[in-house]
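All ligand and atom numbering here is 1-based and tracks the order in the structure. Predicted, not measured: the structure shown is a model, and the values here were computed from it.
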Amino acid sequence: MSAEARPLSVLDLAAMKAAGRRIVMLTCYDAAFARLLEQADVDVLLVGDSLNQVLAGHETTLSTTLDQMIYHAAAVRRGSRRALVFVDLPFLTYQVSVPEAIRNAGRVLQESGAHGIKLEGGSHMAETVGALVERGIPVIGHLGLTPQSVHALGGYRVQGREARSADRLLADAKALEAAGACALVLELVPAAVAGRISKSLTIPTIGIGAGPQCDGQVLVLHDMLGLNEKFTPKFLKHYAKLGESVRSAVRSFASEVRDGTYPGKEHSFE
Ligand code: KIV
């Protein structure tokens, strides 16, 4: 990223798709990583509700709260200047009623400084998406494997494998676009289905386990950095082995503390 790069706006997302420039999105939960991801020219920082799995060790995203999301989103915003910051609305903060969704999404923008929110669900969420967009709250939709419905879906499995469910995904995608969503995350969807959806929309699709024909890609940062070593789904590529690096650095520190070589004179005050 050049020092003069202007901050991205939500309007840039559709422009990037029209220009054939793929969108780079990563999850981000704190200011330190936000600074690093920006320096590496990531377009969108997603404060995912996965933070309760990744950072807090929960099995699912269902326990994440709005206050937790706002706390982490504010940290990510403090660490970033150019990237767009989108924040997941957690389970039960937008499904109960449209007014609740507006109030909760509004809190996220007002209290964290984020640019928009992401929510899960298809045609049944179109009214909510429309109401948020009309009130000036940018929305990214999320289709396919929607983690907040993991129990109803019977686990973390690929969605849209049959013709009927693939058609349903396409109809959902079109409904969210018509409602004003500025992009869609497609999670665990066959590549051909994701390709068909991407071609049918003017807003960009951002895939995770949805093949190469999406208009952008997103991964969970800790997964792609190799910090979550036991999680090895087919779609995931490790771009680093930070788990090993952390263990090795900490072993060195422990050994130097134990044998008295740290701190040395150069780390001590006269
Ligand atoms: O919460 C999250 O991290 C997400 C990504 C998997 C897209 O929604």
query = Hey, does K118 come in under 3.5 Å of ligand 1, counting only N/O atoms on both sides?
reply = yes

task = Check L46 against ligand 1 and report side chain, backbone, both or neither, counting heavy atoms closer than 4.0 Å.
result = side chain

inquiry  = Is it true that S165 and E162 share a donor-acceptor pair across their side chains at a distance under 3.5 Å?
reply    = yes

request  = Could you tell me whether D88 and ligand 1 have an N or O pair separated by under 3.5 Å?
outcome  = yes

inquiry  = Once you measure the plane-to-plane angle for H267 and Y262, does it fall in the parallel (<30°), tilted (30-60°) or perpendicular (>60°) bin?
reply    = tilted

inquiry  = Could you tell me, atom by atom, which parts of ligand 1 come under 4.0 Å of a heavy atom of T27?
reply    = 3 (O)

task = Would you give the length of the straight line joining atom CD of E127 to atom CG of L132, rounded to the nearest 0.5 angstrom?
result = 10.5 Å

ask   = Contact between M25 and ligand 1, counting heavy atoms under 4.0 Å?
value = no

request  = Would you mind running through ligand 1 and noting each atom that sits below 4.0 Å from a heavy atom of H142?
outcome  = 8 (O)

ask   = Taking atom types as modelled, is there a side-chain donor on S112 or Y71 under 3.5 Å from an acceptor on the other?
value = no

query = For ligand 1, is there an N or O atom under 3.5 Å from any N or O atom of D49?
reply = yes

message = Between D12 and R6, is the salt bridge (charged side-chain N to carboxylate O under 4.0 Å, His left out) condition met? List the steps.
response = CA-CA 11 Å; D12 289 315; R6 72 166 173 83; 2.8 Å; yes

query = After noting the C-alpha distance and the side-chain angles of H222 and F33, does the key distance pass the ring pair (Phe, Tyr, Trp, His ring centres under 6.0 Å) rule?
reply = CA-CA 10 Å; H222 292 60; F33 269 123; 5.6 Å; yes

message = Please tell me whether D172 and S123 have a donor and an acceptor in their side chains that are separated by less than 3.5 angstrom.
response = yes

message = Distance under 4.0 Å to a non-hydrogen atom of G48: what atoms of ligand 1 satisfy this?
response = 1 (O), 2 (C), 3 (O)

Nearest non-hydrogen protein atom, atom 2 (C) of ligand 1 = S50 OG, 3.3 Å

